[in-house]
Amino acid sequence: MAGKRFPLPFAGMSSKALHTRFAPSPTGLLHVGNVRTALFNRLLASAGGGRFLLRLEDTDAVRGEGRYADALQEDLRWLGLDWDEGPGAPGAHGPYAQSERGEIYADYFERLVSAGAVYPCFCTEHELKIERKTQLAAGRAPRYSGRCRRLSSEEVEARFAAGTPATLRFHVVDGCEIAFEDRVRGSQRFLSDDIGDFVIRRSDGTPAFFFSNAIDDSLMDVSLVVRGEDHLTNTPRQILLLEALNLSVPDYAHIALVTGNDSAPLSKRNGSQTVRELREQGYLPLAIVNYLARLGHSYDENGLMIVEELAAHFDIARLHRSPARYDSAQLRHWQQEAVASTDDAELWQWMNSVEISGGKVRDLVPDDLEIPFAQAIRENIVMPQDAYLWAGNLFARSGIFDHEAREAIVEAGAGFYEQALSLFDADTTDFSAYAKKLGAALGLKGRALFMPLRAALSGESAPQLENPWHDGPSMAAIWGLLGYKRITRRLELARELCRS
């Protein structure tokens, strides 16, 4: 068999519907890097009327926890990334948790044993570690030497009889080339001599990632595996396994990894966050998916899109090969776009989705002003915390002014507010008419007129927010929210500040 090649046809973007999958290990909360992979798979499947499958790779009994499996499903649904087949959506390829597929794996282990494609390995981790160190010291790439492959049947039986634990290794034939066409990275070729025999079953009887992942992709009729480029070197091993078992081999697309601001792989240390953390901060699902869909992928359309629209314009040819840098400022941009697209009632609910300083926005805003308040500040908020700030400024912090507001009030002087009070009564509801009358009386206009009024009524000369292209809600909106008694009181407080 020396010199044998394993070339695979490249299907290209055929008219056949793509069947994709997301196969996370439920060992922690879902983070943005994994969510992007799930999103890309969902968009590709949806674009062509295919199927998006969710599979839980929970064979690691030590680390896997049921609560994380439940949490990642909840996070995916919250983002609008529902699956066509998987937990809670049964289909023809279940069960969808690897911990429930032991009999399936046992059958395929036996097939490989019968074919003579595998052998037991009794090497201890200590022995393997020494072997790797020796190879590295000699300037060679570390790979298993195959020592247990040379054991006689009598030696194997004696070790089993002695109770020596053994893994199961796949025999990689020397002198072969494994070739495949990656839909993102192009032609890929690997030499079997660089791979070495690899473990497919651990000594405790559980399947290794290489094995169960490949078997399930084939049995579940996955036609395209989209995953991070860190899995690229796993692919030739899995192709060898599937070829040995006469199982179908999917196409592969290895996407660039997401990096932090230090160009290192994204982690907690350099900015990574879980979906749960983003949700608790007040990010909207539409903001997250619009940002992640563009993280390493290009769209002609720069506006906010719902998931179906993102799918319709998603093109695997537009996936980048270079690393994608996570940028929290870009996420905030899409958050503002998502806030702007949300209707008033939903916006009010979102404002109250997060508890801030022990309370919520609804604790500050009068019941009859909930929707008018949402309408008034929608262009001036990015996060629920911003809404809480405006609610406090307008309804709870009478007489509390930030530094710039105090300066604006004192600079205007007590006479400004005396005049403002003298022209104001319970029948004054039209802010524009009132401002015109006050400006004429004082001989002021523009910033000199409106800044002292804004400072007095809102407590701020400009909002302390991270969206510098706005100066806060319009004065007409603030005027309508505060009403006669609050406006009178705040003009009086501003006058008293000038006199103190």
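Note that these values count all heavy atoms, side chains included, but never hydrogens, waters or copies made by symmetry.
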* Structure fact -> side chain to side chain contact (heavy atoms under 4.5 Å, CB included) test vs E85 passes for just one of H19, R55, H93, R21, namely H93
* Could you tell me the separation between the CD1 atom of I356 and the CE atom of M383, rounded to the nearest 0.5 Å? => 9.0 Å
* Between the side chain of H320 and the main-chain N/O of S322, is any donor-acceptor distance below 3.5 Å? -> no
* Once you round to the nearest 0.5 Å, how far does CZ of F314 lie from CZ of F40? -> 4.5 Å
* **Distance-only side-chain donor-acceptor flag, E181 / S187, under 3.5 Å** => yes
* Asked: Can we call the ring centroids of F209 and H231 under 6.0 Å apart?
  -> yes
* Short question: side chain of D386, backbone of N380 - any donor-acceptor pair under 3.5 Å? -> no
* Measure centre to centre between the rings of W334 and Y291, then say whether the value is under 6.0 Å. => no
* How long is the gap from CG on N302 to CD on E337, to the nearest 0.5 Å? -> 10.0 Å
* Structure fact -> The reported gap from CG in L56 to CD in Q73 (rounded to nearest 0.5 angstrom) is 5.5 Å
* To do: Output yes when a side-chain donor or acceptor of D75 lies under 3.5 Å from a complementary backbone atom of W78, and no otherwise.
  => no
* Would you sort out whether L457 and L482 count as a side-chain contact (heavy atoms from CB on, under 4.5 Å), showing the intermediate values? => CA-CA 8 Å; L457 298 183; L482 292 180; 3.9 Å; yes
* Ignoring hydrogens and geometry, is there a side-chain-to-backbone donor-acceptor pair from E492 to I487 under 3.5 Å? -> no
* Contact check, side chains of Q375 and I371, non-hydrogen atoms, under 4.5 Å -> yes
* **Residue pair R362 / M351, side-chain heavy-atom distance below 4.5 Å** => no
* Okay, side chain of T428, backbone of D425: is any donor-acceptor separation there less than 3.5 Å? -> yes
* Asked: Would you say the side-chain atoms of Y417 pair up with the backbone N or O of P452, donor to acceptor, closer than 3.5 Å?
  -> yes
* Please work out which of the three classes, parallel, tilted or perpendicular, describes the rings of F450 and F431, given edges at 30° and 60°. => tilted
* Around R486, counting heavy atoms of other residues, nucleotides and ligands shown, do more than 12 lie under 6.0 Å from its CZ? -> yes
* Check: Y434 ring centre within less than 6.0 Å of W479 ring centre -> yes
* To do: Under the salt bridge (charged side-chain N to carboxylate O under 4.0 Å, His left out) rule, what do R378 and D344 come out as? Steps first, then yes or no, please.
  => CA-CA 8 Å; R378 65 160 48 250; D344 297 330; 2.8 Å; yes
* Near-ring test Y96/W83, centroid separation under 6.0 angstrom -> no
* To do: With the side chain counted from C-beta on, respond yes when L257 and L266 share a heavy-atom pair under 4.5 Å apart, and no when they do not.
  => no
* To do: Test N290 against L304 for side-chain contact (heavy atoms from CB on, under 4.5 Å), laying out the working first.
  => CA-CA 7 Å; N290 268 267; L304 190 78; 3.5 Å; yes
* So, D58 side chain and S99 main chain: donor-acceptor pair closer than 3.5 Å or not? -> yes
* To do: Write down the atom of F395, the atom of L481, and the distance for their closest heavy-atom approach.
  => CE2-O, 3.9 Å
* To do: Decide if atom CD of E411 counts as having more than 12 heavy atoms of other residues, nucleotides or ligands within a radius under 6.0 Å.
  => no
* Asked: OG of S458 to CG of D402: how many Å apart, nearest 0.5 Å?
  -> 8.0 Å
* **Gap separating the CD1 atom of I381 from the CD atom of Q335, nearest 0.5 angstrom** => 9.0 Å
* Asked: Would you say the side-chain atoms of D194 pair up with the backbone N or O of F190, donor to acceptor, closer than 3.5 Å?
  -> no
* Under 3.5 Å donor-acceptor, E229 side chain and H254 backbone -> no
* To do: Please check if atom NZ in K437 has more than 12 non-hydrogen atoms from other residues, nucleotides or ligands closer than 6.0 Å.
  => no
* **Any donor-acceptor N/O pair, R279 side chain to L79 backbone, under 3.5 Å** => no
